[in-house]
Amino acid sequence: MPYEQVEKLKEQYKAAITWYEHRWHYIEGCILKAYMDSYQLTGNEEDYRFVKAFIDGLYDSEGVIAGIKPDEYNIDQIRMGSILLPLYEREGDPKYRRVLDLLYRQLEQYPRTKAGSFWHKQNYPNQVWLDGLYMGQPFYVGCIKQFSERKDYSDTLNQFANVRRFLYDDGKRLYRHAYDESREMFWCDKATGHSPNVWGRAVGWYAMALVDVLELLEGEPADTQPMKMALKELVDDMLPHRHPGGMWYQVVDRADHPSNYLESSGTLMLGYAILKGVRLGYLPLKYRGYGVEALDGTLSMYLRQEEDNVLLGGICRSAGLGTKPESGQVRDGSVEYYLLQEQVVENNGHGVAPLLMCYNEIKLL
């Protein structure tokens, strides 16, 4: 029954824009990826048509997508570009290529840390967040793979190596949410540059980045062994913090905190990465059960039906670090911030997208 409800949720999400918006944005990019994956894995043309219609509807009469601002450096907004790669490969429509070229040129000029990693955003200088690897690297690698005569992936490999070097906490054996190379941000440890805590969804973003980029690099001239080792290490480090029901907490290593909760999006991202990692041979077969339990545990706890709608709960609406320019909200990375300041919502794309990605993987078993 739960998987039947997931199928219903997938169809209701596609039928009407209710829980997301028609915009160029990373959340919608993740939702579209789930449907494009479904098409690529099963050949479901309806899923492909949904993705194509969504993207085509973003173009104005001049062939411009208003949400893309070439002079605004924000790695989140690169995520949607990954959807254009398979569209252009199949359709050959120059309107897709124009946007792909525009985004790739932006990456060529994108500000970086001294160690060579993309800043998270222009207004978050010198900072690397785990989220950013998923937002930028699949597009970056996909463009090189699809269009470049010289297949040089060294930049991407270095940026993944930087995450292991600068964001991994050897004492905790877990990844911190973010790192400030300058040590100037109020939230960072002045010795390590680390943000204060381990946020489940940030780890999930990074896990998905690892498996998706590893898949893209199959057969390419790139030494991916360090990335494969990082994926297994990440999963092994997260397993001791797993709840018996298969899920992970919002603040991963603080199960003792009375306000902590089992969070859907981070759990499902890890579930997807584990299932896909096993399918592609990056993780041992015995790990498959952890991915299945992540999905089943989340469905058992948070999936419900209300009248005609299927609803997925337990989703952290948003989280970040620093002061939000638009609202002035101070996000200090404390345990209390992650648990008490950010809303827990239903059917937000942060959770539904990895749910559908997990579901795609489950259907292949």
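Nothing fancy with the numbering, it's 1 onward along the sequence. Heavy-atom basis, side chains included; hydrogens, waters and symmetry copies ignored.
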How about H350 and Y26: are their ring centres within less than 6.0 Å of each other?
yes
Do Y261 and Y249 have their ring centres less than 6.0 Å from each other?
no
K52 and L87: side-chain contact (heavy atoms from CB on, under 4.5 Å), yes or no, with the steps?
CA-CA 7 Å; K52 185 177 185 302; L87 287 177; 4.0 Å; yes
For a quick check under 3.5 Å, do [X] and [Y] share a side-chain donor-acceptor pair by atom type?
X	Y	answer
E7	Y359	yes
S318	E342	no
T113	N126	no
Q159	D155	yes
D237	Y168	yes

Check: [X] side chain, [Y] main-chain N or O, donor-acceptor pair, under 3.5 Å:
X	Y	value
W24	A66	no
S300	D296	no
S259	L339	no
D60	V64	yes
E336	Q341	no
S148	K151	no
W248	M238	yes

For the student: nearest non-hydrogen atoms of [X] and [Y], plus distance:
X	Y	answer
G313	E346	CA-CG, 3.8 Å
Y13	I31	CE2-CD1, 3.7 Å
Q250	C316	NE2-SG, 3.4 Å
S195	H177	OG-N, 3.3 Å
Y39	N44	CD1-O, 3.4 Å
K121	D76	CE-OD2, 3.5 Å

Side chains of [X] and [Y] in contact at under 4.5 Å (non-hydrogen atoms):
X	Y	result
L295	E361	no
T323	F186	yes
I78	L107	yes
P196	D332	no

In terms of heavy-atom contacts, does CZ of R183 have more than 12 from other residues, nucleotides or ligands at under 6.0 Å?
yes
Cation-aromatic face contact [X]/[Y], 6.0 Å, 45 degrees:
X	Y	result
R97	F147	yes
R254	Y338	no
K232	Y282	no

How far apart are the C-alpha atoms of D47 and K10, what are their side-chain angles, what is the distance that settles it, and do they pass the salt bridge (charged side-chain N to carboxylate O under 4.0 Å, His left out) test?
CA-CA 10 Å; D47 290 338; K10 177 186 174 185; 2.8 Å; yes
Can you spot which of W119, Y73, W129 makes a ring pair (Phe, Tyr, Trp, His ring centres under 6.0 Å) with Y124?
W129
Only one of Y134, Y110, F118 passes ring pair (Phe, Tyr, Trp, His ring centres under 6.0 Å) with Y140, and that residue is F118
May I ask whether [X] and [Y] are part of the same hydrophobic cluster, defined by side-chain heavy atoms of I, L, V, M, F, W, Y residues being less than 4.5 angstrom apart, directly or through others?
X	Y	answer
L41	I274	no
L365	L356	yes
L311	Y3	yes
Y35	L364	no

What do the steps show when you test E11 against K14 for salt bridge (charged side-chain N to carboxylate O under 4.0 Å, His left out), and what is the final call?
CA-CA 5 Å; E11 293 307 310; K14 190 164 52 177; 3.5 Å; yes
Decide side-chain contact (heavy atoms from CB on, under 4.5 Å) for I75 and L133; before the verdict, give the C-alpha distance in whole Å, the side-chain angles of both, and the deciding distance to 0.1 Å.
CA-CA 9 Å; I75 203 68; L133 277 290; over 6 Å; no
Would you please name every residue forming a side chain to side chain contact (heavy atoms under 4.5 Å, CB included) with M227, sequence neighbours left out?
L157, F160, L210, V213, L214, L217
Residue set satisfying side-chain hydrogen bond (donor to acceptor under 3.5 Å, both in side chains) with R105, at least two apart, ordered chain then number -> none
Quick one: pull up CD1 in I55 and NE2 in H22 and give me the separation to the nearest 0.5 Å.
7.5 Å
Which is it for E263 and S265 under the side-chain hydrogen bond (donor to acceptor under 3.5 Å, both in side chains) test, yes or no, and what are the steps along the way?
CA-CA 6 Å; E263 201 275 330; S265 67; 2.7 Å; yes
Over 60° means perpendicular and under 30° means parallel, so tell me whether F166 and Y179 are parallel, tilted or perpendicular.
parallel
